[in-house]
Trainee: 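My structure is below; once you've seen it, I'll send some questions.
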Amino acid sequence: MDLKDIIKPENRVYAKTPVLTENVMHYCPGCSHGTVHKIIAEVIEEMGIQEKTIGISPVGCSVFAYNYVDIDWQQAAHGRAPAVATATKRLFPDKYVFTYQGDGDLASIGTAEIMHACNRGENIVVIFINNAIYGMTGGQMAPTTLIGMKTSTSPYGRSEELHGNPLKITELIAQLDGTCFVTRQSVQTAAAARKTKRAIRKAFENSGQSKGTSFVEVVSACNSGWKLSPVKANEWMVENMFPQYPLGDIKDR
Amino acid sequence: MALRGAIVVDSEKCKGCSVCLVNCPTNTIALAKEVNSKGYNFAYMAYPENCTGCTNCATVCPDTCITVYRVKV
Amino acid sequence: MAEHILMKGNEAIAISAIRNGCDGYFGYPITPQSEVMETLMEEKPWETTGMVVLQAESETSSINMLYGGASCGKKVMTSSSSPGLSLMCEGLSYLAGAELPCVVVNVVRGGPGLGTIQPGQGDYFQACKGGGHGDYKMVVLAPSSAQEMYDFVDLGFDLAFKYLNPVLILADGVVGQMMEKVELKPMKPRWSDEFIKSTFKWATTGKTPDRKQNVITSLALDAAVHERLNHKLQLKYKQMQQEDVRFETFMCDDAEHVIVAYGCMARICENTVELARAEGIKLGLLRPITLFPFPTEEINRLVPQLKTMMSVELSAGQMVEDVRLAVNGRVPVNFFGRLGGIVPSPEEVFEAFKKEIK
């Protein structure tokens, strides 16, 4: 069978969703952000909610998420996305509102905002990218940086004594009565990415049913920040990040 | 019944991260020796006869530059 | 016949918000303005007009809730007092940078730090000269009565949406706490989502196939683009100075001396003017209603007939700098202020005035 017989529109089983723009992403090669953006765009397309979805982008590498997912966006101050989303959802209750935040944004400077939005049970979706480092500012220590992990502000490795411990914020979030769905996923393999997509879809469906806050952490690789190749970074993530941040649903009600 | 597949890589968008390579169960994909205009060795279907159109490569591709086709033969 | 109700300035803010079609109030308790949110919660406007009222976890959060609500083209507001406004400065800078409309009320108390819960006017610099980072300005309205607290919510929203910029109502503990008769103006309904969608094309109302996505942001990494954005903002601030300066004068026509005072101090200084007039001194009062844009032109117009001017404030001397800039050395500009929440009497101001002109 010739390739030209296979490569025909009627045989297409996977193509870029039109909810993603044509812009080439500014992310480093192999960055998990791109995969998660794509998953969100695919969920929006499959649910047919492009006209009803408003995204809140953070400060960090994904500040430019609005360049890639073709919906209305609000770019929030560092850490404040959950507060921004709170008002947006309350004033537009029929919209799907989600925040997209990194570990520095969500688990450090924005700890108060995320805790209280989740505790109030705002009917929003939170996508939390945890790659244990500040990517955009050049690889500084994050609240989720592992013990022993070297970053530009923990050049000798994170020490419990000097820097404190990695923050398992997702477990804390799961304790809050306002959350209905709290899960931790990853996107380094096709199977993992498909599970993440199911989780994100469920989160958006929960939002439509006003069940409370849905929180999806995606343990991610920052290969530039970690100073590894994209493939090696994913391997390192599986070996080192997953023991500290185990995958799976923490809460589902 | 067997599945035959094929992928089309947007070689200008591809950054050569290789995540698709390691996720391909049939060793269909390799990085090209030549580079695109950004200087990346882009992914391409090196062994077309292996491809089953499973979509694993496209699913993990952070830059969404792979389109997948599949036929039953 | 219009309805008149006796109420506190803070209550007037709350009632006015409900009656003027405000979509959302987000706040955090702080003395001396907690009555604003208390009144709103008691009134339950979500059952009548559909207005959202939410107690946030901090002032940082409330101002960012305004960012979200304003991005949707909704009429949103918050209120706080001095330390709370310090926390909001980050958000105000973002709101100004992203060109979003909102109304923020500061019922000023004494600072710095935790300061005192007594009235103050020490936040003039913060309100008029920035506070947050970057080259931005807000329209700053200074009410001196409960009626103006009521009226300026409506005016504030008009100006906020005219300029797509935050409007700050710079009140003080006296104006917030004192009870006065307030005339309730006719109700204005909230805007419908359809109206917002068709009127505010920039708002994040959901991307429809007939338009490009709307993105609310203050970020522009390209230097040329960012400079253009700043120039656009500066043009807007210039337009405010041309079109929206507001002030009131009292006995200025034949005045040889003029006191400049705003908020509660303007009320007190009116009596000082009367004391002076009783002694044959030709004293007048200029009350800036907008602190930014400042009534520089009016001061310019008055200077040729004057021997002195005097700024009277509940601060160590903040507005006096703008008076001096306007006067530009042509006549002496004196200053009298009290701190710590002490509000001077008309007599005390008069004594201070007489000492300066001796």
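Chain identifiers are assigned alphabetically (A, B, ...) following the order of the sequence lines, protein sequences preceding nucleic acid strands; residue numbering begins at 1 within each chain.
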Trainee: Could you check which of C/Pro209, C/Ser218, C/Ala98, C/Ala56 has the highest count of heavy-atom pairs closer than 4.5 Å to chain A?
Mentor: C/Pro209

Trainee: Measure C/Val215 against the heavy atoms of chain A and call it side chain, backbone, both or neither at under 4.5 Å.
Mentor: both

Trainee: Answer yes or no: are there more than 12 heavy-atom neighbours, outside C/Ile117 itself, under 6.0 Å from its atom CD1?
Mentor: no

Trainee: Is there side-chain contact between A/Tyr66 and C/Asn214, with heavy atoms separated by less than 4.5 Å?
Mentor: no

Trainee: Are there more than 12 heavy atoms of other residues, nucleotides or ligands under 6.0 Å from atom CG of A/Asn23?
Mentor: yes

Trainee: Give a yes or no on whether C/Glu42 atom CD has more than 12 heavy-atom contacts from other residues, nucleotides or ligands under 6.0 Å away.
Mentor: no

Trainee: Counting only heavy atoms closer than 4.5 Å, note whether C/Leu221 contacts chain A via side chain, backbone, both or neither.
Mentor: side chain

Trainee: Is it the side chain or the backbone of C/Arg190 that comes within 4.5 Å of chain A heavy atoms, both, or neither?
Mentor: neither

Trainee: Which atom pair, heavy atoms only, marks the closest approach of A/Glu113 to C/Ser58?
Mentor: OE2-OG, 4.4 Å

Trainee: Can you pull out the residues in residues 10-29 of chain C with any heavy atom less than 4.5 Å from chain A?
Mentor: C/Asp23, C/Gly24, C/Phe26

Trainee: Which atoms of A/Phe64 come close to chain C, meaning under 4.5 Å heavy atom to heavy atom: side chain ones, backbone ones, both, or neither?
Mentor: side chain

Trainee: Can you tell me which portion of C/Thr205 sits under 4.5 Å from chain A's heavy atoms? Options are side chain, backbone, both or neither.
Mentor: both

Trainee: So which bits of residues 69-95 of chain A come within less than 4.5 Å of chain C, counting non-hydrogen atoms only?
Mentor: A/Val69, A/Asp70, A/Ile71, A/Asp72, A/Trp73, A/Gln74, A/Gln75, A/Ala76, A/Ala77, A/His78, A/Arg80, A/Ala83, A/Val84, A/Thr86, A/Ala87, A/Thr88, A/Arg90, A/Leu91, A/Phe92, A/Lys95

Trainee: So if I take each residue of residues 66-88 of chain C and look for any heavy atom under 4.5 Å from a heavy atom in chain A, which residues do I end up with?
Mentor: C/Tyr67, C/Gly68, C/Gly69, C/Ser71, C/Cys72, C/Lys74, C/Val76

Trainee: At a 4.5 Å cut-off on heavy atoms, which part of A/Val63 comes close to chain C: side chain, backbone, both, or neither?
Mentor: side chain

Trainee: When rounded to the nearest 0.5 angstrom, what distance separates OG in A/Ser57 from CD1 in C/Ile216?
Mentor: 11.0 Å

Trainee: Within residues 46-56 of chain A, which positions have a heavy-atom distance to chain C below 4.5 Å?
Mentor: A/Gln50, A/Glu51, A/Ile54

Trainee: I'd like to know whether NZ of C/Lys44 has more than 12 heavy-atom contacts from other residues, nucleotides or ligands below 6.0 angstrom.
Mentor: no

